[in-house]
Colleague: 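Let me give you the structure first, and then I'll get to my questions.
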Amino acid sequence: MANLGLALAIVGAALAALLSGMGSARGVGIVGEAAAGLISEDPSKFTKVLILQILPGTQGLYGFITAIMVMIKIQLLSGAPVALTTQQGLQIFGACLPMAIVGYFSAIAQAKVAAAGVSVVAKKPEQQSKAMVLSAMVETYAVLALLISLLIILRLSF
């Protein structure tokens, strides 16, 4: 197959965006459910819980950035993508996996922590920043996955 390398690179980019986006969508939904319960009782806490709901959405953004970087690297956006060997396509595919996999699972894990943070805000609204810090700790691993994916993509040469 003449375009197998290019196809593998595109599938890698798509997986980075798709899985991270799915994890974020699920995560934002999980926190949104918890937040809706709280604001039905106390609408004044909307802003505090909205911030917690946004946090698991970042993984989707990181997957999107990874996919864009692949498309730039392989010059797909220019309309004249580079010819990639199967090995080069596999390298890009592999470079996308950290963001795809970690992005999916970390968004869901972060959502669980953020949903618990909604409970903190319900009982002690002044402790919202602590709930945010707990949730942001999970974010660390998504950021590391993004960095690994991007560093590999940027380091590849063809």
Side-chain angles (χ1 to χ4, degrees), residues 6-74 76-77 88-156:
L6 182 60
L8 287 167
I10 292 169
V11 169
L15 283 175
L18 179 71
L19 291 176
S20 295
M22 286 171 51
S24 283
R26 187 168 172 208
V28 168
I30 289 168
V31 183
E33 289 177 21
L38 173 57
I39 61 174
S40 70
E41 297 293 324
D42 187 353
S44 69
K45 293 181 179 156
F46 173 75
T47 304
K48 290 184 178 293
V49 296
L50 177 63
I51 294 168
L52 288 166
Q53 185 184 17
I54 291 168
L55 290 173
T58 56
Q59 284 84 342
L61 178 62
Y62 300 158
F64 176 75
I65 291 168
T66 302
I68 293 293
M69 290 302 295
V70 168
M71 290 188 284
I72 291 169
K73 183 75 172 181
I74 65 174
L76 186 65
L77 300 175
Q88 290 168 328
L90 281 170
Q91 289 172 340
I92 292 174
F93 180 87
C96 292
L97 290 179
M99 192 62 252
I101 296 167
V102 176
Y104 178 80
F105 288 108
S106 68
I108 295 168
Q110 187 173 32
K112 292 176 182 178
V113 176
V118 170
S119 297
V120 170
V121 171
K123 294 177 183 173
K124 297 187 179 191
E126 71 281 0
Q127 299 299 318
Q128 176 215 20
S129 59
K130 291 178 182 172
M132 287 174 50
V133 168
L134 294 172
S135 182
M137 293 305 297
V138 182
E139 182 90 13
T140 303
Y141 299 96
V143 170
L144 292 175
L146 172 65
L147 288 174
I148 289 298
S149 287
L150 292 182
L151 287 171
I152 294 170
I153 292 164
L154 292 171
R155 187 70 181 124
L156 294 173

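Atom set for the values below is all heavy atoms of this structure, side chains included, hydrogens, waters and symmetry mates excluded. Index from 1, following the sequence.
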Colleague: Could you give me the CA-CA distance, side-chain angles and deciding distance for K112 and I108, then say whether side chain to side chain contact (heavy atoms under 4.5 Å, CB included) is met?
Modeller: CA-CA 6 Å; K112 292 176 182 178; I108 295 168; 4.0 Å; yes

Colleague: Report the C-alpha distance between K124 and K130 in whole Å, list the side-chain angles of each, state the deciding distance to 0.1 Å, and finish with yes or no for side chain to side chain contact (heavy atoms under 4.5 Å, CB included).
Modeller: CA-CA 11 Å; K124 297 187 179 191; K130 291 178 182 172; over 6 Å; no

Colleague: Strictly distance-based, threshold 3.5 Å: is any side-chain N or O of S24 a donor or acceptor partner for the main-chain N or O of P56?
Modeller: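 Yes; at least one donor-acceptor contact below 3.5 Å.
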
Colleague: Can you tell me how far the NZ atom of K48 sits from the CG atom of L50, to the nearest 0.5 Å?
Modeller: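 K48 atom NZ to L50 atom CG measures 12.5 Å (nearest 0.5 Å).
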
Colleague: Enter the distance from I68:CD1 to L150:CG here, rounded to the nearest 0.5 Å.
Modeller: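 Between I68 CD1 and L150 CG, I get 11.5 Å after rounding to 0.5 Å.
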
Colleague: What are the two closest non-hydrogen atoms of M132 and L52, and how far apart are they?
Modeller: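 The pair with the smallest heavy-atom distance is CG-CD2, 3.8 Å.
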
Colleague: Side chains of F105 and L19: closer than 4.5 Å at any heavy-atom pair?
Modeller: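 The answer is no, as the side chains (C-beta and beyond) never meet within the 4.5 Å cut-off.
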
Colleague: Under a 3.5 Å threshold, yes or no: a donor from one side chain and an acceptor from the other, between Y62 and E139?
Modeller: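 E139 and Y62 do have a side-chain donor-acceptor pair below 3.5 Å.
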
Colleague: Under 3.5 Å, side chain of S149 to main-chain N/O of A95, donor-acceptor pair present?
Modeller: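 The answer is yes, because a donor-acceptor pair under 3.5 Å joins these two groups.
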
Colleague: List the atom of V31, the atom of A114, and the distance in Å for their closest heavy-atom pair.
Modeller: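 Closest approach of V31 to A114: CG2-CB, 3.6 Å.
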
Colleague: Which heavy atom of L38 sits nearest to which heavy atom of V118, and what is that distance?
Modeller: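 Of all heavy-atom pairs spanning L38 and V118, the closest is CD2-O, 3.8 Å.
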
Colleague: Closest heavy-atom contact between V138 and S106?
Modeller: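 Looks like CG1-O, 3.5 Å.
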
Colleague: Got a second to check how far L6's CG is from L76's CG, nearest 0.5 Å?
Modeller: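 Taking CG in L6 and CG in L76, the distance rounds to 6.5 Å.
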
Colleague: Do the side chains of Y104 and Q59 get nearer than 4.5 Å, heavy atoms only?
Modeller: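 No, their side chains stay 4.5 Å or more apart.
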
Colleague: Please report the interatomic distance CZ(F64) to CE(M99), rounded to the nearest 0.5 Å.
Modeller: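 F64 CZ to M99 CE: 13.5 Å, rounded to 0.5 Å.
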
Colleague: Using the salt bridge (Lys or Arg N to Asp or Glu O under 4.0 Å) criterion, which residues pair with K45? Sequence neighbours excluded.
Modeller: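 Checked K45 against salt bridge (Lys or Arg N to Asp or Glu O under 4.0 Å); matches are D42.
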
Colleague: Walk me through it: do V120 and Q128 pass the test side chain to side chain contact (heavy atoms under 4.5 Å, CB included)?
Modeller: CA-CA 7 Å; V120 170; Q128 176 215 20; over 6 Å; no

Colleague: Considering residues, nucleotides and ligands other than E126, do more than 12 of their heavy atoms fall under 6.0 Å from its CD?
Modeller: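 For E126, atom CD is crowded (more than 12 foreign heavy atoms under 6.0 Å).
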
Colleague: Shortest non-hydrogen contact from C96 to V70?
Modeller: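 Heavy-atom minimum between the residues: SG-CG2, 3.6 Å.
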
Colleague: Calculate, to the nearest 0.5 Å, the distance between atoms CG and CD1 belonging to L156 and I74 respectively.
Modeller: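 So the gap between those two atoms works out to 11.5 Å.
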
Colleague: Locate the shortest heavy-atom distance separating F93 from L15; write the atom from each residue and the value.
Modeller: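 Of all heavy-atom pairs spanning F93 and L15, the closest is CE1-CD1, 3.7 Å.
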
Colleague: CD of Q110 to OH of Y141: how many Å apart, nearest 0.5 Å?
Modeller: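 These two atoms lie 12.5 Å from each other.
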
Colleague: Only one of V102, L61, T66 forms a side chain to side chain contact (heavy atoms under 4.5 Å, CB included) with L146, so which one is it?
Modeller: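 With L146 as partner, V102, L61, T66 yield a single side chain to side chain contact (heavy atoms under 4.5 Å, CB included), made by T66.
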
Colleague: Say whether, by atom type as modelled, one donor and one acceptor occur between the side chain of S20 and the main chain of A17 under 3.5 angstrom.
Modeller: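 Looks like no, no N/O pair under 3.5 Å.
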
